[in-house]
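Reckoned from all heavy atoms, side chains included, excluding hydrogens, waters and symmetry mates. Atoms within each ligand, like the ligands themselves, are counted from 1 in listed order. Predicted model only: the values in this text are computed from it and were never measured.
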Amino acid sequence: MIAIANQKGGVGKTTTAINLGAALAKAGHEVLLIDLDPQGNASTGLGLAPEARRLTTYDVLIEGAPIRNAIRDTAQERLRVVPATVDLSSADLELVGKERRSFLLRSAIRPSQLAELGVDYVLIDCPPSLSLLTVNAMVAAHSILVPLQSEFFALEGLSQLMLTVREVRQTANPDLRIEGVLLTMHDARNRLAQQVEADARETLGELVFTTVIPRNVRVSEAPSYALPVLDYDPGSKGAMAYASLADELRRNHTRLAA
Ligand SMILES: Nc1ncnc2c1ncn2[C@@H]1O[C@H](COP(=O)(O)OP(=O)(O)O)[C@@H](O)[C@H]1O
Ligand SMILES: [Mg+2]
């Protein structure tokens, strides 16, 4: 269970959730994407119109709806989604004062349920904040994947994120790992992007994925066709990068299991 998190907006969280999910599904894994952002971009990007989102993450977290009832198929085989709508934007306020407020997602998705549903990977698309929703994701997840846009200040936001990770480790989820930091929207010819990559690799070392996601217009076009870029344009640089990210992630997991 991997939370895709960064409190900055527009860094490629949703794009990564959709396309890493699609790439893992194409590699034969059963993937469940949980849309934890009230903007519901992951749901839209996978073709779920708002009116088709009958039960949502809100119902699962706040109303105690069984997660299996909220799961929807997508056009991509083996990729399923728990959609979100703008309802979820009030969740943070509604959760304040609830005793187990950080544990709702963890309680909603038990390993036994995932086994029953045949799910291999859960990807959680977090909102652009370090709100209770993101904390719920970090408490439920085994690891976090941090998309980092190759631009100035990218690394500064990271220390804030890591503080939250440390807090979650101390209080609720001591085993929370960093799956990796993913450089996104990378323009290899841009000097600043090169510098950000060099800095990230120097300070974070092995935590940075070898795979870098290039800036690629096909990636940004795909959601308006309700498709992962891997289906929209399989030969594009963006599609190939996400396929390679899925390979790298699977290799890391094999290594960890050994
Ligand atoms: N590799 C990429 N190349 C080009 N555009 C991208 C790429 N990744 C993301 N984008 C675009 O950047 C914008 C922000 O990405 P998004 O995944 O929604 O970020 P977040 O979920 O972190 O807010 C979107 O319009 C998306 O289509
Ligand atoms: Mg998003």
Heavy atom of protein inside 4.0 Å of atom 24 (C) of ligand 1, strictly below: no
Close-contact set for ligand 1 against Gly9 heavy atoms, below 4.0 Å: 23 (O)
Sidechain N-carboxylate O distance under 4.0 Å for Lys26, Glu77: no
Summary of salt bridge (Lys or Arg N to Asp or Glu O under 4.0 Å) pairs that have at least one residue in residues 91-117, sequence neighbours excluded: Arg68-Glu116
Any Gly12 heavy atom less than 4.0 Å from ligand 1: yes
Ile213 and ligand 1 - part of the residue with a heavy-atom distance under 4.0 Å: side chain
Atoms of ligand 1 close to Val11 [distance to a heavy atom under 4.0 angstrom, numbered from 1]: 19 (O), 20 (P), 22 (O)
Nearest neighbour of atom 20 (P) of ligand 1 from the list Ala17, Cys126, Pro223, Gly10, on a heavy-atom basis: Gly10
Within the 6.0 Å centroid threshold, strictly below: Tyr121 and His142: no
Numbering as shown, the atoms of ligand 1 that approach Asn216 to under 4.0 Å (heavy-atom distance): 2 (C), 3 (N), 4 (C)
Glu206, CD: over 12 other non-hydrogen atoms inside 6.0 angstrom: no
Flag for Ser102-Asn136: side-chain donor and acceptor within less than 3.5 Å: no
Close-contact set for ligand 1 against Pro214 heavy atoms, below 4.0 Å: 1 (N), 2 (C), 3 (N)
Nearest candidate to atom 15 (O) of ligand 1, where distance is taken over non-hydrogen atoms, out of Asn19, Val229, Thr15, Asp37: Thr15
Shortest heavy-atom approach to atom 6 (C) of ligand 1 - which of Lys8, Gln39, Met185: Met185
Contacts of Asp199 that satisfy salt bridge (Lys or Arg N to Asp or Glu O under 4.0 Å) - sequence neighbours left out: none
Short N-O contact, Glu248 and Arg250, less than 4.0 angstrom: no
Any non-hydrogen protein atom less than 4.0 Å away from atom 4 (C) of ligand 1: yes
Test log, rule side chain to side chain contact (heavy atoms under 4.5 Å, CB included), inputs Phe209 and Leu145: CA-CA 10 Å; Phe209 283 106; Leu145 188 160; 3.9 Å; yes
Within-2.8 Å protein N/O/S contacts of the Mg ion (ligand 2): Thr14 OG1
Pairwise side-chain contact, Thr56 with Leu88, heavy-atom cut-off 4.5 Å (strictly under): no
Protein residue, atom and distance nearest to atom 18 (O) of ligand 1, heavy-atom basis: Thr14 CB, 4.0 Å
Under-4.0 Å salt bridge between Glu151 and Lys8: yes
Within residues 157-176 or reaching into it, pairs that qualify as side chain to side chain donor-acceptor pair (under 3.5 Å) - sequence neighbours excluded: Gln7-Gln160
